[in-house]
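Excluded from the calculations below are hydrogen atoms, water molecules and symmetry mates; all remaining heavy atoms, backbone and side chain alike, are included.
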Amino acid sequence: MKRAFLLSFVLLGSALTPLGVLASRATAGSPPNTYLTAWTPQDSESQGGKLIAYRWDGHGGHYTGASVPWPKPLVSEAGDSVKIFFEKVEPPVTYGMDAPGYLNLTIFSKVNRRGVPRDRGLRLDCTAEPSEMDTERLCLLTPGEHEGVPGWNLHLDWPREPDKHYYISAFGLWSFPGNEAPQDDDASWLFHLAVRD
């Protein structure tokens with residue numbers, strides 16, 4: 001939980017720094033690609049997540065721009081099904097597991113000119129256990145695929161209003177077996193959803 005908070009702090013604090021880059025080091029292991037998708041049985045649209053911070057395979061990086069780099073909005077209808085896809089075979093750590101952090105989202109509805117959130121946001125935790133879906137603050141993680149590539153779908157269900165923008169900050173933690181102790185890798189992404197009037 002502490003690491004999730006720190007990564008959220010990196011996102012909000014980055015608006016005060018002068019450089020517009022993702023400071024990183026090349027590594028064979030890397031955070032998964034992510035996609036925000038809004039779909040109906042007749043149509044679907046997707047948006048690649050914007051990676052803004054990570055610690056992965058012994059390397060790390062974080063965005064240090066003068067403004068928060070929200071992607072251009074993915075336009076959807078109020079009734080569309082919305083999900084985030086994580087392009088990795090291994091599942092992220094989810095709510096209820098014994099870990100220092102787990103997959104969670106914060107959804108903002110107001111940002112200033114530099115993209116810094118102006119509201120506290122709606123916090124959503126994520127679970128892989130349907131039996132725990134007894135609260136509106138939990139969303140379900142299930143196996144899935146995107147364009148034929150296997151991974152994990154996070155199904156989002158929160159009240160969405162027409163003619164409104166939603167700014168989604170996601171934090172994910174993966175725990176891998178190590179020689180002496182599990183290796184924890186984590187990353188944060190940004191998504192931007194607009195609901196058509």
**OP:** Show your reasoning for whether side-chain contact (heavy atoms from CB on, under 4.5 Å) applies to Leu156 and Ile84.
**Re:** CA-CA 8 Å; Leu156 308 186; Ile84 294 175; 4.0 Å; yes

**OP:** Starting at CD of Glu45, measure out to CD of Glu77 and round the result to the nearest 0.5 Å.
**Re:** 11.0 Å

**OP:** Measure the CZ-OG distance between Arg123 and Ser169 for me, rounded to the nearest 0.5 Å.
**Re:** 10.0 Å

Subject >> Co-members of Phe85 in a cluster of I, L, V, M, F, W and Y side chains, linked at under 4.5 Å >> reply: Tyr35

Subject >> Qualifying salt bridge (charged side-chain N to carboxylate O under 4.0 Å, His left out) pairs, either residue in residues 86-95, two or more places apart >> reply: none

Original post:
Roughly how far apart are Leu138 CG and Glu129 CD, rounded to 0.5 Å?
Top reply: 11.5 Å

**OP:** Mind listing the closest non-hydrogen atom pair of Gly121 and Phe108 along with its distance?
**Re:** CA-CD2, 3.7 Å

Subject >> Within-4.5 Å side-chain heavy-atom neighbours: Leu36 and Ser46 >> reply: no

Original post:
Does Leu141 share a hydrophobic cluster with Val89, counting links as ILVMFWY side-chain heavy atoms below 4.5 Å and allowing steps through other members?
Top reply: no

Original post:
Which heavy atom of Leu124 sits nearest a heavy atom of Cys139, and at what distance?
Top reply: CB-SG, 4.2 Å

Subject >> side chain to side chain donor-acceptor pair (under 3.5 Å) involving Ser44 - partner list, sequence neighbours excluded >> reply: none

Subject >> side chain to side chain contact (heavy atoms under 4.5 Å, CB included) involving Thr142 - partner list, sequence neighbours excluded >> reply: Leu140, Asn153, His155

**OP:** Determine, step by step, whether Phe191 and Lys50 satisfy the side-chain contact (heavy atoms from CB on, under 4.5 Å) criterion, reporting the C-alpha distance in whole Å, the side-chain angles of both residues, the deciding distance to 0.1 Å, and the verdict.
**Re:** CA-CA 7 Å; Phe191 305 91; Lys50 176 82 73 172; over 6 Å; no

Original post:
With Glu145, which residues qualify under side chain to side chain contact (heavy atoms under 4.5 Å, CB included), at least two apart?
Top reply: none

Subject >> Minimum heavy-atom distance Ser76-Leu193, with the two atoms named >> reply: OG-CD1, 3.5 Å

**OP:** Quickly, which of Trp70, Phe86, Phe171 forms a ring pair (Phe, Tyr, Trp, His ring centres under 6.0 Å) with Trp189? Name it, please.
**Re:** Phe86

Subject >> Check: Ser109 main-chain N/O paired with Asp119 side-chain donor or acceptor under 3.5 Å >> reply: yes

Subject >> Heavy-atom closest pair, residues Leu103 and Pro92 >> reply: CD2-CG, 3.8 Å

**OP:** Provide the closest heavy-atom pair for Cys126 versus Thr94 in the form atom of the first, atom of the second, distance.
**Re:** O-CB, 3.2 Å

**OP:** Indicate, with yes or no, if the rings of Tyr102 and Trp174 have centres closer together than 6.0 Å.
**Re:** no

Original post:
If you take all heavy atoms of Asp185 and Asp57, which pair is closest and at what distance?
Top reply: OD1-N, 3.2 Å

Original post:
Is there a path of hydrophobic side-chain contacts, each under 4.5 Å between heavy atoms of I, L, V, M, F, W or Y residues, that connects Ile107 with Val75?
Top reply: no

Subject >> Value rounded to 0.5 Å, distance of CG in Leu190 from CG in Leu51 >> reply: 9.0 Å

For residues 159-167, run the donor-acceptor check on the side chains, cut-off 3.5 Å, and write out each pair with its distance to 0.1 Å, sequence neighbours left out.
from: Arg160; atom 1: NH2; to: Ala78; atom 2: O; distance (Å): 3.4
from: Arg160; atom 1: NH2; to: Asp80; atom 2: O; distance (Å): 2.5
from: His165; atom 1: ND1; to: His192; atom 2: NE2; distance (Å): 2.8
from: Tyr166; atom 1: OH; to: Glu161; atom 2: N; distance (Å): 2.8

Subject >> Same apolar cluster (I L V M F W Y, side chains within < 4.5 Å links), Trp39/Leu74 >> reply: no

Subject >> Evaluation steps, side-chain contact (heavy atoms from CB on, under 4.5 Å), between Ile168 and Thr106 >> reply: CA-CA 6 Å; Ile168 304 170; Thr106 304; over 6 Å; no

